[in-house]
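Owing to the predicted nature of the structure, the values given are computational and were not obtained by experimental measurement. Values below: all heavy atoms of this structure, side chains included; hydrogens, waters and symmetry mates excluded. Just so we're on the same page: letters track the sequence lines, and every chain starts at 1.
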Amino acid sequence: MTASAIALVGNPNVGKSVLFHRLTGAYVNVSNYPGTTVEVARATARFDAAVDLIDTPGVLTLPARSDDERATMRALLHEPLRAVIQVGDAKNLRRTLTLTALLAELGVPAVLALNMHDEAGARGVTVDAQALSSALGIPVIPTVATGGEGMAQLTRSLADARAMLPLLHYDTDTEAAISDLANRISLHAPHPRLNARGLAILYLGQDSEVEAWLSEAAGENGADLVSARAAAQAKGVLPAALAHERGEAASTLTSRVTARTEQASPLLAHRIGQLIIHRFWAWPILLGVLFALYEFVGVFGAGTLVGLMENDLFGNILNPVVTAFVREHIGVVWMADLLVGEYGLWTMGMTYALALILPIVTTFFIIFGLLEDSGYFARLSVLANRLFKLIGLNGRAVLPMVLGLGCVTMSTLTTRILHSPRERLITIFLMALAIPCSAQLGVVLGLLGGISFTATLIWAASMVGVLLLAGFLAAKIIPGRRIPLVTEMPPIRLPLFGNVAKKTVGRIKWYLIEVIPLFLLGTLIMFLLNQFGALPAIIRAGEPLVSGWLGLPPEASAAFVMGFLRRDFGATGLFALSHQLSPIQAVVGMVTITLFVPCIASVMMIVKEQGWKIAAAMIAFIVPFAFLIGGLLNHLLRAVWL
Amino acid sequence: MSTHDHKARVPLAFLLPGARAEVDALDDAIDPTQREQIIAYGLAPGRPLIVLQQHPMTLVMIDEVELALEDSVARLVWVTRK
Ligand SMILES: Nc1nc2c(ncn2[C@@H]2O[C@H](COP(=O)(O)OP(=O)(O)O)[C@@H](O)[C@H]2O)c(=O)[nH]1
């Protein structure tokens, strides 16, 4: 690590990432702080190779409450920061300055990048940067990160970064409590860079990162801080009141430096934004978006690209060469098998990860980035909220679920955007149960579509029914309160190609690092099961259930076991049997396979995110449940559909 | 004055699109963390707002911020009409 770092800090969606990419070179290192799930990007600054630039997650409130906020607080506490660049949204100065007020208390040298100047202008909002700069005592630079405006001034201004003038004073009692705590902090746990006063304010507000840092630094004197805080609270010094004061101070300063002109007509962006969640127009627009998604990811990604990669590149060129090479150089048969055999790390694991899933997730990430940057996703969560309310979630969960249609393994990881552990648990469970991934979706639709529209419809209705039923029950059983949706609607924007491309590349890199090892581990387990002869035994053991209860041919049992390895494999296995299947058997088989445990990689991911116990409990529920529903459907269909 | 104020106080969820109002108070029934967040979003006592939509969720504009609130929360936000 270099000796000096500069952090970008700001509210969510103000353009930090875009600015970050403008100020750094191509090589970006994304990492997590130990114990947190949130990613922090880091790279060498373009303007000074000795400086590390850190892009922190967005903060809505400080003291920190969310994982994002805790990660940002951690960066402020632990990174060797020379300065921070606060990135603010010029059209939302009040919120920007509420954060500024707290950074000022911490005494970090800062400059303020007043971003989104273009959007503020379009809305008739002008900010007097000069006046703001003299009020805060630091450089204030208007920027348009997407257009690169103001970048040179911003980097130059860093030389003038300094601690800000305080924005406010609290009332006498509060001030007394703050100084008392601050004195104790200076005594027991002085921070090398941050002011004791700011830490005292955060500590009063029960910021968990500050609590942890202070208690470690103060050692046995920590008790003194705890009792001083308790005394302050007993005197009625409440964190909410402090936050309110900061908001008021920010409001006052905002009115002083902002001028507004009434706009004659609403912006086009506003009108589009409202149409997207309009009672009537929302639905045709949604269908259009889904159709585009299907065409690009399902047809182009999963069809054309996978065909090129799997058959042409891997099947015809790479795999024969690699296999021949390995067989020639490795004499021990089982070792060669481990690499290039039926369950080989290369022939199965890597081929699957690179030839089958990579093209799909790549196309998916592109669409995802477009929908994200255009402002559509935030509105989709508003549209979906009512439905998700039924299953104990809120509209935010629509994102991982849609992503699950691409790859459940990957979307399990993105449940980190959800705000409560309860929401994460329910969403991961429902995705494992009833969301078919793209690889599987292709086979299901191919098989059932070939039979009849009714067959496809029964399958789809079963999935939606199970999703709602299981969600409804999970919401009842899993303790905790549902959190209603309150969310900001970002403006509708035209996504920028460069920005989407950068995000996509970053996400693909992350996929390669996070997901591929799981595919390899899954392949290894499969290889071992096969080596020790356990696979045929498992397949035989399942036969009575498969042919008796589900009414499928005995061979289908293998498809279920294979389905565990790769979700689409199971479906493909049944596909291979399709000439022997009656329409009822096809529907029952596909419903059961879709509900059946997700692929082994996604199980690994669930273990990673939720731990062994929860993952085991989920499987223990899902496997019998898939057979139960499949069997019931079998008997129901035989009774009514002839 | 206080009695008059009290009469004019209505839940945000009851206003029609186009209505202008000022936030009066956030009900204590709102989850404390969510309350902090709502205030941080700008929906704080004393702040003016315009109601944009009530379906599928309550959508309000505060300065240049569009904020969507689920009905169960919008019922707990007290506002006075302007
Ligand atoms: N019009 C405009 N859009 C911007 C500007 N800076 C960023 N954006 C867009 O704002 C959105 C959020 O930016 P991002 O960097 O992801 O925000 P972050 O959450 O703060 O990292 C993206 O769609 C950007 O393209 C700007 O100066 N002007």
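- With sequence neighbours excluded, the residues that form a side-chain contact (heavy atoms from CB on, under 4.5 Å) with Ala21(B) are Leu15(B), Leu49(B), Val79(B).
- The side-chain contact (heavy atoms from CB on, under 4.5 Å) search around Ala129(A) returns Val140(A), Pro142(A), not counting sequence neighbours.
- When heavy atoms are compared at a cutoff of 4.5 Å, Leu59(B) approaches chain A solely by way of its side chain, counted from C-beta outward.
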Side chain to side chain contact (heavy atoms under 4.5 Å, CB included) assessment of Leu67(B) paired with Met489(A): CA-CA 6 Å; Leu67(B) 198 62; Met489(A) 298 285 98; over 6 Å; no
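- Looking only at heavy-atom pairs under 4.5 Å with chain B, the residue among Pro484(A), Gly273(A), Pro490(A) that has the most is Pro484(A).
- Only the side chain of Ala44(B) has a heavy atom closer than 4.5 Å to any heavy atom of chain A.
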Between chain B and chain A, donor-acceptor distances below 3.5 angstrom:
residue	atom	partner	partner atom	Å
Gln34(B)	NE2	Pro484(A)	O	2.8
Glu36(B)	OE1	Arg65(A)	NE	3.0
Glu36(B)	OE2	Arg65(A)	NE	3.3
Glu36(B)	OE2	Arg65(A)	NH2	3.3
Ala40(B)	O	Arg95(A)	NE	3.4
Tyr41(B)	O	Arg95(A)	NH2	3.2
His55(B)	NE2	Arg279(A)	NH2	3.2
Glu64(B)	OE2	Arg260(A)	NH1	3.2
Glu66(B)	O	Met489(A)	N	2.8
Glu66(B)	OE2	His270(A)	NE2	3.4
Ala68(B)	N	Thr487(A)	O	2.7
Ala68(B)	O	Thr487(A)	N	2.9
Glu70(B)	N	Leu485(A)	O	2.9
Glu70(B)	OE1	Asn385(A)	ND2	2.9
Glu70(B)	OE1	Arg482(A)	NH2	2.8
Glu70(B)	OE1	Leu485(A)	N	2.9
Glu70(B)	OE2	Arg482(A)	NH1	2.9
Glu70(B)	OE2	Arg482(A)	NH2	3.1

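- Taking each heavy atom of Ile277(A) and Pro56(B) in turn, the nearest pair found is O-CD, 3.4 Å.
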